[in-house]
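Okay, structure first, notes after.
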Number of protein chains: 2
Amino acid sequence: MAGLGISILLVDDHPVVRQGYRRVLESQDGFRVIAEADSAAAAYAAFKADAPDVVVLDISMKGASGLEAIRNIRARDNRACILVFSMHGEAPLVKAAFAAGASGFVTKSSEPSALVRAIRMVIRGERALSDDVAHVLAAESLDPQRTVLDRLGEREIEILRQLASGLTTEQIAANLHLSIKTVQNYHYLVKAKTGLQTDAQLVRLAVTSGLTDL
Amino acid sequence: MAGLGISILLVDDHPVVRQGYRRVLESQDGFRVIAEADSAAAAYAAFKADAPDVVVLDISMKGASGLEAIRNIRARDNRACILVFSMHGEAPLVKAAFAAGASGFVTKSSEPSALVRAIRMVIRGERALSDDVAHVLAAESLDPQRTVLDRLGEREIEILRQLASGLTTEQIAANLHLSIKTVQNYHYLVKAKTGLQTDAQLVRLAVTSGLTDL
DNA sequence: GGCCTGTCGGGAAATTTTCCCAATCTTTCG
DNA sequence: CGAAAGATTGGGAAAATTTCCCGACAGGCC
């Protein structure tokens, strides 16, 4: 696995997409895709079997989460290089990925060259971020507080969670023994603090943050 | 455009993915990718400029929907061959695509060879479906009780999709060239027809139906 | 022709959202 | 300890949205 070039394990549940990356990556000098996997479980198995230099992994796969795969791989080898390659680059998702042990995060809307550059970076032990992800995180860290969700209090989080899971204002008020007015105020506060405009955006935030699932 | 081989327009808002398809397709004898586009608007422009034999298009793109692109292209040339290549293959999405004028529908979880085969089929004027999509539609047509989404018209589906992806009423109105009032009416109608009460529930419906992803 | 369905928007009452505010109650910290 | 900070709970009132009804217009179908 060492010596000649960089060996890569590709994880994505879409064969055509995988096929595409393989060709893109192998056109790079010194890159070798030595294995592919289409699920979190297969990714772990392939990692054990092939010991690749770097794992390029789509975080949103059907079934078990990509985060799970990252955790499993890191549990086995905490020096593993795992580069997340994802459709979405929301701050909570990115943070969750790094918390799970990722070495880099590149969105699929990035140029192919960004992916290649990121692979070289994580191999060198550096942390890699695509530009759009960096901007999202930067904008967030410029705020006096840190993550969007960290600026929310316990109650606000709970109201967000219940809203996102589809409950009405009345149901939430009843659940928490609050007045409708208070729930409305929290609802508004959460939007104000997160800077989000629509309830749909709140749902997406809650889901991508792992607050609730679909 | 005619004569030697099949000319292809590639539409997808993820550059790396696009790069991948291009290589996959061009490895096929007689296939030539003559243009790429990363949005519905760009797709229409490219179609006008390059008159490709077939358009391979990802239906879930940021901004204006892929359905919009299909309609625009078909409005200009109703013999255009448009092959939808999508992450999800749920029945409502597939139906919407064909209603808009698609010639074929292949999911990204299909083998690359399925995409190639589908392109050859639509070129011959046949309708192409990947196996998984065919199974979904078959299962559904055998099921006496239809999906909730089947009660929704095309416009309603589109408004639901954009709502669920986090756009505001104003943005949707602008995207579709409708008045805010009309979008509000559709929003209400969708809730009434589905029997759902909150926007969060709509988002969950849209996501679990494959209308949009997170 | 008549009928039905999908698309598009106006109107008006009902409701919600938006922000402002104040009263508690903790927690923190000098 | 006492002051400051912040979380929690809700009122108030104007602004905005939702809700439901309506009519108009375009197609398709019998």
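All chains are named by letter (A, B, ...) in the order of the sequence lines, taking the proteins before the strands, and each is independently numbered beginning at 1.
- At whole-Å resolution of the value, CG in B:D199 and C1' in C:dT16 are 12 Å apart.
- When the C1' atom of D:dT19 is taken as reference, atom CG of B:L196 falls 16 Å away, rounded to whole Å.
- What separates CD of A:E154 from C1' of C:dC25 is a distance of 16 Å, to the nearest Å.
- Regarding A:Q197, its CD atom lies at a distance of 11 Å from the P atom of D:dT17, rounded to whole Å.
- If you check residues 176-191 of chain A against DNA chain C, the residues with a heavy atom closer than 4.0 Å are A:K181, A:Q184, A:N185, A:Y188, A:K191, listed by number.
- Between the CD1 atom of A:I159 and the P atom of C:dT17 there is a distance of 13 Å, given to the nearest Å.
- Between A:D132 and A:K108 there is no salt bridge, since none of the side-chain N atoms of the basic residue sits less than 4.0 Å from a carboxylate O of the acidic one.
- As rounded to whole Å, 16 Å separates atom C1' of D:dT9 from atom CD1 of A:I172.
- Note on A:E158: nothing from the nucleic acid sits closer than 4.0 angstrom, heavy atoms only.
- Taking a cutoff of 4.0 Å between a charged side-chain nitrogen and a carboxylate oxygen, B:R161 and B:E158 qualify as a salt bridge.
- Checked against salt bridge (charged side-chain N to carboxylate O under 4.0 Å, His left out), B:R18 has the following partners two or more places apart in sequence or in another chain: B:E36.
- Distance A:I157 CD1 to D:dT8 P: 10 Å, rounded to the nearest Å.
- Atom-to-atom, CD of A:E156 to P of D:dT9 comes out at 10 Å; the value is rounded to the nearest Å.
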